[in-house]
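See structure below.
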4 protein chains.
Amino acid sequence: MARIDINCDMGESFGNWTMGRDDEVMPYITSANVAGGYHGGDPHVMRETVRLAAEHDVGVGVHPGLPDKMGFGRRKMDATPEEVRDYVTYQLGALRAFCDQYGVTFQHVKPHGAMYSMLSESPEHARAVMEGILDVDEDLIYLATDMNIYEVAQEYDDLDAVFEGYVDLEYNPDRSLIVEQEKQARDPDLVADRLVSIATDGTVEAANGEVIEVPADSICIHGDTPNVVEILETVHSRMDEHGIELAPLHEIV
Amino acid sequence: MARIDINCDMGESFGNWTMGRDDEVMPYITSANVAGGYHGGDPHVMRETVRLAAEHDVGVGVHPGLPDKMGFGRRKMDATPEEVRDYVTYQLGALRAFCDQYGVTFQHVKPHGAMYSMLSESPEHARAVMEGILDVDEDLIYLATDMNIYEVAQEYDDLDAVFEGYVDLEYNPDRSLIVEQEKQARDPDLVADRLVSIATDGTVEAANGEVIEVPADSICIHGDTPNVVEILETVHSRMDEHGIELAPLHEIV
Amino acid sequence: MARIDINCDMGESFGNWTMGRDDEVMPYITSANVAGGYHGGDPHVMRETVRLAAEHDVGVGVHPGLPDKMGFGRRKMDATPEEVRDYVTYQLGALRAFCDQYGVTFQHVKPHGAMYSMLSESPEHARAVMEGILDVDEDLIYLATDMNIYEVAQEYDDLDAVFEGYVDLEYNPDRSLIVEQEKQARDPDLVADRLVSIATDGTVEAANGEVIEVPADSICIHGDTPNVVEILETVHSRMDEHGIELAPLHEIV
Amino acid sequence: MARIDINCDMGESFGNWTMGRDDEVMPYITSANVAGGYHGGDPHVMRETVRLAAEHDVGVGVHPGLPDKMGFGRRKMDATPEEVRDYVTYQLGALRAFCDQYGVTFQHVKPHGAMYSMLSESPEHARAVMEGILDVDEDLIYLATDMNIYEVAQEYDDLDAVFEGYVDLEYNPDRSLIVEQEKQARDPDLVADRLVSIATDGTVEAANGEVIEVPADSICIHGDTPNVVEILETVHSRMDEHGIELAPLHEIV
């Protein structure tokens, strides 16, 4: 029986500023990537988000970002591997404390935005971060957004890594993603088809019609897609029809 | 045989700005209160400070501050008990991750500056923080700077608390401290006398000559006293003479 | 002929986080209080807001806040009069540069949130800020949110001050405001009635039915009231009916 | 008669953290590049630095940095030309307000660290910043650290630009600088010789002995060179011997 995790970025509000619809999305996902207070989030938001995840029995991971709130962690910066590792360790620890507060298992790490890009482009940075994770907690799972990073993670016997696929964006044939400027609504049926295809065959149709391999055990859903709740409902019922089971990352690895 | 801990605030540098002489002081203390990145410190400074503490077998605790770097966490602010608790949890978790990285036991919590004052003045704030600490890790020790806070800590059976005394400042008869504007050098012998008096009798002479009770199991040393290293050397040799044993907080409670 | 200014807080978005509906509200107001980058706003948001104000010929002022983005500048802090003055000078200058960029007259100063409360409660803080404003630019107008501050401003011959009234909140008989927890829609007709009453008689009906004096030359509208645009449309047509002229602050003093 | 300006970065302290020896250096220089609160400085530090410059009749300019306090503005980041321009405008305006407070002429702009590098490498970024400066105040002088930037500045008829030379570091033959890891003391006579050579001939000897052209009207002195005061005293007396006159930037252009 096919099993898959659905992950979503969460807890990206900050102070008086709200982002995303965490309350509405949380019931439909199995893993939450919670911002660690650098690109988004703050201690109050983090605690509330972990509390909400606990309520819905959702696995919690940290979504660490670069120290660039003004740029929402989306601008690469000339930080050394050690600096990036320390940023991850800091945010990871902070979030883990809130998980302890609610008795939630702290499950995974998924770098955000430009930090992810930096790790993807520089194996040296990726290794520094992964070694830092292993130093802190060997049970953590690395949620890998692309193959560059996934392959670096394979170098570490002790590090569990899961590759994630995307279904509310289109793939290029080379498995890169076509990211739109403005978030737009997506056809829920098309999204659900893609998820079923990845969960059962490990493949999906790229934008040009070519069928490509996406060997993913987790699906990333964008919480800021305008019709995200409708999409998630459709996805859930389609998964039921196909007998695909939802499971958080830590039950999959 | 008398035993006492010596604690000192550490890791208060930030980015390119240096504060304190952690390298020189660390060999003489048994517990380091490490800034958590809010009033001072950053992930790199925290990691380096924990590494240094590990090298000298010094117990590590978090020294959480208010989110006010420009004011070095020395300005009280109208934050709710919940907000302050979440700030402590965040910084506590962040520092604990660096302790895990170096295999160091994470030992205690000692709030900094205006956060300490807020907890001292508001038992509601103090309770929120202490309950937060217990939620995260019941083994943590609360290092109490004054009796107000120490007494709140006594309300919690599960919370170990240690009262700290001061020897490089003068006490008023009511056990409040006389804080100077400019840091000045102190007479090492006078400081050492006070430490011996607290460690052996639980008393010290106040500024007006009155002998007051200071039932402390830990002594706070200010790392920014100009002749701090000379003071610490004198203190150590005097302790040897009097057979007073140095021990980190977690061996004392 | 009665003349009145309508002011609204603007430019409180930050980085990727949006707040308010500046685009929709700007066409209806005459003075914009633009956040200076401390409690809200950033250089990009400030420039865009000034550009928008220029487009609609709206007078621009700075809305300086305390350095507390996480608390949106709503938490009082123990800052000295000099510190608060310097925060105002800094933000004032920053915003003025964007006004120069678009050839817009920089018109006024209206402190935000907890900074306003601190000035209201401490004449010493209010004087420091006002003297700082006069040192930088004697043509600036102080937009006074309550009588405490308005009276301090009267001490300075060189400082123009305007008192502002509120129409989308209810007054207590002592001219304090009843602030709700959750922003709720307001009856546009009731709001318009109040504005007409203040503009023509300098009075308004308090929550208990008592008629109180509100000698205001400017009306503050809250941009986050859910039906703010509807309110502003009603206000505008009611002003037309009563022959009340809209004018920015600098045409009124 | 040869005339030259001596400029130095100033006001890079932050909150409770001190950097540099502004008090000791200010008497010897003619132009101060004052940090704008992003990579270093804060409103209090900025005001104090401007006050000190006013006392010594030193020309004041802004030394704007990237929004990266943790990295002291030394890490390049993927910011757009518009973003960088807005950061400069913001900091420029903020500093100008403090100049107004003390009646000091606001004289020039010299980008700091990684922002300087970004402008040097990307003419598009340099142009955005220069056009922003011209939009705010056509009297400002651009202090150019290298030829790339100096040449972009020449594209603007309205923009005065001054090229600066270095004498407490060694040049490579291609006019790039050899920057050491650890700041070390410099031979005051050698530094003074270089300054005289630049001021009188527009040339200096590079590290390999080759004589290169450095057509500078301003000399940058590093305030963190351990023996900076001794260097400045030697430089001043050597300038007297050679009849080289000191003058702030705005008297030179």
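So you know, we letter chains A, B, ... as the sequences are listed, proteins then strands, and number each from 1.
- Residue A:Glu124 qualifies as open at atom CD: its count of foreign heavy atoms under 6.0 Å is 12 or below.
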Check step by step if side chain to side chain contact (heavy atoms under 4.5 Å, CB included) holds for A:Gln101 and B:Arg85.
CA-CA 11 Å; A:Gln101 186 177 351; B:Arg85 179 199 58 201; 4.0 Å; yes
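- Of the residues considered (B:Asp137, B:Asp42, B:Thr89), B:Thr89 shows the highest number of contacts with chain A, using heavy-atom pairs under 4.5 Å.
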What's the verdict on side chain to side chain contact (heavy atoms under 4.5 Å, CB included) for A:Asp100 and B:Arg96, showing C-alpha distance, side-chain angles and the deciding distance?
CA-CA 12 Å; A:Asp100 288 351; B:Arg96 189 175 53 162; 2.7 Å; yes
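- For B:Asp224, the CG atom sits in a packed shell: over 12 heavy atoms of surrounding residues, nucleotides or ligands are nearer than 6.0 Å.
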In sequence, state the C-alpha distance, the side-chain angles, and the governing distance for B:Asp135 and A:Arg47, and then conclude on salt bridge (Lys or Arg N to Asp or Glu O under 4.0 Å).
CA-CA 12 Å; B:Asp135 281 347; A:Arg47 191 179 54 71; over 6 Å; no
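- By the 30° and 60° cut-offs, the orientation of the rings of B:Tyr90 relative to A:Tyr90 is perpendicular.
- Considering all non-hydrogen atoms of both residues, A:Ala97 and B:Val136 come closest at O-CG2, 3.5 Å.
- With respect to chain B, the highest number of heavy-atom pairs below 4.5 Å among A:Leu134, A:Asp86, A:Leu95 belongs to A:Asp86.
- At a 4.5 Å heavy-atom cutoff, A:Glu83 makes no contact with chain B through either its backbone or its side chain.
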